[in-house]
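Step one of this worksheet: look at the structure below.
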Amino acid sequence: MSPYAAGRRRVHRSVATGVPLAVLAALVVAGPAVGAPSGDARVTGSATLGDIPLGTFSNGLLPGTVADDRGVDLGGIGSDIYPAGRKGEFWTVTDRGPNGQIKVDGVKRRTFPVPGFDPAIVKIRVSGDAVKVLDAIPITTGSGKPVTGLPNQQARDEAPYSYDATTPLSYDPNGLDTEGIVRSKDGGFWLVDEYGPSLVHVSARGKVLARYVPKGLNLTGAGYPVIEALPAVLLHRKINRGFEGLAQLPGGDLVLAVQSPLSLPDTDAGEESLTARLLRFSPKKRAVTAEYAYRFDAVGVVDPGEDDPSELKISSVVAVGRDELLVEERTDKAARLQVVKLSRGADILGDKWDDSTTSPSLEQLEDPAAAGVPVLRKRLVVDLGKVKGIPGKIEGVARVDRDTLALINDNDFGMTDGTGAFDAQGRLVDSGIETTVTYVRLPHGI
């Protein structure tokens with residue numbers, strides 16, 4: 001049994017043996033039964049990640065980074081998924097690490113139970129009903145120090161606290177809340193981050209080569225180059241809703257998706273809006289070359305059990321043609337995949353909608369198309385909410401072939417919000433939600 005298992009409460013989980021990273025690939029656990037097909041699309045396979053103590057994982061990459069994992073296992077790798085070349089193998093990326101919220105005097109505080117955790121790129125293989133870890137790459141500064149997942153800037157980002165929300169933690173200008181991932185032509189990776197929001201170029205060994213952020217962010221003190229190359233309007237991103245989706249088009253351009261509508265001119269406008277933004281970035285020019293308005297379906301269409309439009313998010317974007325994109329719009333319980341074409345006529349970069357003083361803002365328009373905004377036209381590919389066997393909170397989508405998708409969920413490291421997230425000894429009360437890769441077949445393809 002893992003040396004970290006003592007005092008740990010398990011909910012429907014199998015415990016794998018804790019071992020060094022070199023043999024993590026041997027850690028497996030049986031996946032859930034595949035559900036019966038519903039409608040045209042159907043689940044054809046499902047595999048689950050076994051229990052790997054987070055301290056064992058993190059210290060195997062960067063010794064001494066995690067002193068106490070509080071009983072948390074490796075999770076959160078479902079932030080995105082990208083084909084690694086061989087059948088059944090994928091690149092994934094963790095987010096900022098275990099985090100939650102606890103109310104203190106009626107105000108929510110953001111907790112970081114394992115503040116030493118360093119976001120990592122994780123290579124996996126789906127083998128039968130198990131997900132095996134083949135390799136892992138820590139994301140580091142130019143000098144090889146961990147970037148951590150802690151927030152960057154006071155007043156702009158949520159203040160970080162200890163696991164019980166009683167002790168303030170320090171901000172970290174290096175910190176990244178990594179989400180989307182693609183493999184770059186130089187053998188490294190491109191990632192997106194929610195804090196800046198930012199686009200991050202890392203080497204094959206995980207060192208940050210450059211972080212592209214909005215103009216005017218004024219982030220100082222980072223141990224890697226910070227380049228203000230993105231539109232300043234992105235400074236109005238909703239807290240914890242920066243970039244989440246990232247795609248690489250066949251020509252090499254990247255598409256970055258803002259997870260939620262911007263808070264323009266204020267929070268209320270962003271909460272009610274159905275208009276999000278996509279950016280096209282040229283690695284050759286190191287610049288944004290286009291911007292697009294993406295319109296969500298009504299929240300009750302995406303998730304019939306939800307009536308709050310602020311629950312809508314774009315979590316994944318996947319290139320399916322030269323200028324075509326598969327876009328996942330979701331809540332935590334349901335998701336729909338749409339195809340859009342990125343036409344030149346839909347480009348709004350540098351238009352008045354990038355001026356934060358424009359009134360009404362793009363986000364305030366009830367019908368952007370009627371106001372002359374070239375909203376991207378979309379076509380529904382599949383409503384995952386109607387397909388049996390799909391886990392909740394799907395954040396990563398990969399195209400396996402013309403007819404098959406691989407989906408991965410974010411299990412939030414088994415964490416829940418509130419004071420009940422940890423027991424009296426400060427050990428995780430696990431949610432029982434596992435990291436799962438699910439294959440879905442689309443009879444009509446994309």
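Bear in mind that the values here come from a model prediction, so they are computed numbers and not experimental data.
Looking at E291 and L279, their side chains come closer than 4.5 Å, going by heavy atoms from C-beta outward. In this structure, the side chains of L407 and L384 come closer than 4.5 Å at one or more pairs of heavy atoms.
Using a 4.0 Å cut-off between charged side-chain N and carboxylate O, E194 and R237 make no salt bridge. Under 4.0 Å is where a charged nitrogen must lie from a carboxylate oxygen, and between E329 and K378 at least one such pair does. Between R280 and D253 there is a salt bridge, since at least one side-chain N of the basic residue sits less than 4.0 Å from a carboxylate O of the acidic one. With respect to K313 and E311, a salt bridge is recorded, a charged nitrogen being found less than 4.0 Å from a carboxylate O. The residues D323 and K341 are annotated as not salt-bridged, no charged nitrogen and carboxylate oxygen being separated by less than 4.0 angstrom.
When the options R211, R96, R241 are evaluated for a salt bridge (Lys or Arg N to Asp or Glu O under 4.0 Å) with D193, the one that passes is R211. With respect to F117, the ring pair (Phe, Tyr, Trp, His ring centres under 6.0 Å) criterion is satisfied by exactly one of F413, F112, F57: F413.
If you check the side chains of N174 and T141, you find no donor sitting under 3.5 Å from an acceptor. R183 and Y82 form no side-chain donor-acceptor contact under 3.5 Å, judged by distance and modelled atom types alone.
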For side-chain hydrogen bond (donor to acceptor under 3.5 Å, both in side chains), just list the numbers for S315 and R330, CA-CA rounded to whole Å, side-chain angles, deciding distance to a tenth of an Å, and then say yes or no.
CA-CA 7 Å; S315 275; R330 70 166 181 90; 2.6 Å; yes
Working for side-chain contact (heavy atoms from CB on, under 4.5 Å), residues R110 and Q101:
CA-CA 5 Å; R110 179 63 60 181; Q101 288 185 315; 3.1 Å; yes
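Considering CG of L365 and OG of S273, their distance stands at 8.5 Å, rounded to 0.5 Å. The distance from the CG atom of L249 to the CG atom of L254 is 8.0 Å, given to the nearest 0.5 Å.
By the 6.0 Å contact criterion, CZ on R295 is enclosed, its count of non-hydrogen atoms from other residues, nucleotides or ligands being greater than 12. Residue E228 qualifies as enclosed at atom CD: its count of foreign heavy atoms under 6.0 Å is above 12.
Of the possible donor and acceptor atoms, none in the side chain of S46 sits under 3.5 Å from a partner among the backbone N and O of T438. Looking at T94, its side chain does come within 3.5 Å of a backbone N or O of A120 through a donor-acceptor pair. In this structure, the side chain of Q338 engages the main chain of L380 through a donor-acceptor pair within 3.5 Å.
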